[in-house]
Amino acid sequence: MFGLGWPEIVALVVIALLVFGPEKLPQAAAQAGKTLRNLRQLANTAKSDLQAGLGPEFANFDPADLNPKNFVRKHLTGDLEDDWNRPAAAAAVAAPVHVDSYAAEAAGELGYGEIPPYDSEAT
C-alpha cells in the first residue's frame with residue numbers, strides 16, 4: 001500500500017494517536033475515509049466525462065497512459081508484452097526453427113566464438 005511496510009504503518013498509527021488522541025481518532029479516520037471515497041468518485045466521474053467527450057475513438061483511453069513511464073512502456077514494449085501474454089500453443093507455432101551449424105554457414109552467419117571478417121578499407 002503506497003510502498004509502506006508494517007513499521008511505517010505502525011509509526012503512522014502511533015503519530016495519529018498522539019495528534020488526535022484516542023477519543024477523536026475514530027472520527028478522524030471516518031472523515032478521512034469519506035474524503036477518500038469522495039475523491040475517488042470525483043476522479044471516476046471526471047474520467048468517464050472525459051471519455052464521453054472524446055468520443056468512441058477513445059473508448060479505451062486511460063489517463064494513466066499519459067504518464068511518460070507508462071507511455072514508453074506501452075508503445076515500445078507493447079509487442080513484447082503481447083508475445084508474453086500469448087497462449088503457449090500460439091507461441092509454439094511462432095517459435096523460431098532451430099538452425100544447424102551447416103545451414104548457418106551456408107547462410108553466411110557466424111557461429112559462437114567466430115570472429116567476423118575485417119575490411120581495413122571499409123572504414
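- For the atom pair CG of Asp49 and OG1 of Thr45, the computed distance is 6.5 Å after rounding to the nearest 0.5 Å.
- The structure places OG1 of Thr35 at 12.0 Å from CZ of Arg40, a figure rounded to the nearest 0.5 Å.
- A donor-acceptor pair under 3.5 Å is formed between the side chain of Glu8 and the backbone N or O of Gly5.
- Taking hydrophobic clusters as Ile, Leu, Val, Met, Phe, Trp and Tyr residues chained together by side-chain heavy-atom distances below 4.5 Å, Val14 does not share a cluster with Trp6.
- Side-chain contact between Ile15 and Val19 is present, with at least one heavy-atom pair separated by less than 4.5 Å.
- Taking hydrophobic clusters as Ile, Leu, Val, Met, Phe, Trp and Tyr residues chained together by side-chain heavy-atom distances below 4.5 Å, Leu18 does not share a cluster with Val13.
- Counting heavy-atom neighbours within 6.0 Å of Glu57 CD, excluding the residue itself, gives a total above 12.
- The two residues Ala16 and Leu25 make their nearest non-hydrogen contact at CB-CD1, 3.8 Å.
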